[in-house]
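Chain letters run A, B, ... following the sequence lines, proteins first and then strands; every chain starts at 1.
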Amino acid sequence: MPTPSREGQAQSLSAEAWQQVSFLIPECGILPEVLKSTIADIGEYYVVRNLPIHELVAHEFIDAFVKKGSCYALTYNTKIDQDNTAALLPNGKLILSVDKDTYEELGLQGRPSQYSGKKIMRYIITIDLTDSGFHPDSKKHNRVLWALKEKKPLEFDFLLAWYNTGAEGSTLMSYFSKNQIQALKPKITFSMLRDLQCPVLQSNELQGKPDESCSTEELFEWLGAVLSQVSLDNKSSSFVSTYCCPQPNTIVEKAFLCTITGFIIPEKIIQLLEQLCSYFDEPKLAYWLTLTVHGFADSPVSWRESEHGFHKGGENLYNFVIFRNLDYWLQMAVGTNDDCPP
Amino acid sequence: MNTDECLPGRREGSGVALRACGEVGAALPVDVLTYEEKSLSAILRVVSSGLVKLWSALTLLGFYQNRRCAFRVLQTSPFLLALSGNSRELVLD
């Protein structure tokens, strides 16, 4: 099995902030201190209400945040299949996903949405804020600013986060102090699962082996059951539910489950991933652990910069299964209106 | 690939809607994977070819045992794991 570094994989996976991170460690009663401090260090994110989008195109903002470190932004409470949505990626690209009327009123160059069907009702506009041609006096910059400020002013509630390696200068709180900015901490929940049926896995057997190990798909579904608190112990003749834990499985006395919800940047997820890999530096009873990351259903992008849509669902998630021998499985799931993950 | 689809629904109103699934269940095997009394929400599982039937049956169900009720589908996915996180329900403090 090819083994690029897990950290490298995770880095290349992300062009966006993530909505929920969960990890499950079987045979774990007490979380190691180093993991506790990594979680405590996940960092705050911000919500700015009624922020006109032209503020993100202002050069003061670009110089202070976009060009220094990684700045993430996503409109809050906008539905990608109905409303206008915007996202700022750490590479400096501002992505606007707008309906037909807004696109025509804005007058900026974009392209039709891939998931629009025969009659184009949605357009994607990409503005590269760090492009050399986008300096303060350029025609490009002036046109964009005019379109967003005067022609068709757009205003949203934004979720914001900024990762910088200790650069001096303003913070998001001070920059947006005149707007309604609020700092928020991600919501963190811990739970201890007792007597949990866990599938037996072998890292090199992706399809599973009868009576020896379960397949990747069975693990994926089982993990969904555990995280959604589904009973794992039903009979096939049961009226209510026939779902049961895949075979072969073992009963694990206790398992540690942690869920972090908010606007979580990839840099912090990578730190968490590294610490989870280090969990096996000392001998442990667990054979494997999992890390699951959910994206925003209404983000205009997923997997680097592929367009993301919402058909019957907006799923966009990945899951690491890290084995004791430091082999790993990486499972990625997308919805109907998505490109295949890289 | 998972060929089943999971579908959570939230019931407005009182009564035990679980048994209502029995009406659909007569025609289509449906698993009620979870049911939470507090939030009146459940996760249902149905084969993907039955999704439209189940979804429309739930939408049209207005009465159960002479009591008014309504189902609202919050999230659907072929992946059970996707249902453990719903960004559309993200509430900021």
(Q) Tell me whether Glu205(A) at atom CD has more than 12 heavy atoms from other residues, nucleotides or ligands lying less than 6.0 Å away. (A) yes

Minimal heavy-atom distance between Ser241(A) and Leu33(B), with the atoms involved, is OG-CD2, 3.5 Å

Separation between CD (Gln19(A)) and CG (Asn86(B)), nearest 0.5 Å, reads 7.5 Å

Closest non-hydrogen contact found for Asp31(B) with Tyr243(A) is OD2-N, 4.4 Å

Of the listed Phe310(A), Phe220(A), Trp222(A), the one with the largest count of heavy-atom pairs under 4.5 Å with chain B is Phe310(A)

Whatever's closer than 4.5 Å to a heavy atom in chain B on Tyr76(A) counts as side chain

What I'd like to find out is whether the side chain of Leu90(B) reaches to under 4.5 Å of the side chain of Phe296(A), using heavy atoms alone. yes

Applying a strict 4.5 Å limit to non-hydrogen atoms, the region of Thr292(A) in contact with chain B is side chain

Is it true that Asp81(A) and Arg88(B) make a salt bridge, defined as a side-chain N closer than 4.0 Å to a carboxylate O? yes

Note: Ser228(A) and Leu80(B) closest approach over all heavy atoms is OG-O, 3.9 Å

To the nearest 0.5 Å, atom CG of Asp157(A) lies from atom CG of Leu92(B) at 8.5 Å

Interface check, chain B: of Leu159(A), Thr242(A), Val226(A), Leu227(A), most non-hydrogen pairs under 4.5 Å belong to Thr242(A)

Query raised in the report: Has the side chain of Ser84(B) got a donor or acceptor atom that lies under 3.5 Å from a matching backbone atom of Gly224(A)?
Result: no

In this structure, OG1 of Thr76(B) is separated from CD of Glu315(A) (nearest 0.5 Å) by 7.0 Å

Turns out that what part of Val21(A) lies under 4.5 Å from chain B's heavy atoms comes down to neither

Interatomic distance, CG@Leu317(A) vs OG@Ser77(B), rounded to 0.5 Å, equals 7.5 Å

Whatever's closer than 4.5 Å to a heavy atom in chain B on Lys79(A) counts as both

Here the gap from Leu81(B) atom CG to Gln331(A) atom CD, rounded to the nearest 0.5 Å, amounts to 8.5 Å

Note to self: Within the structure provided, determine whether Lys312(A) and Leu51(B) are in side-chain contact (heavy-atom separation under 4.5 Å).
What the structure shows: yes

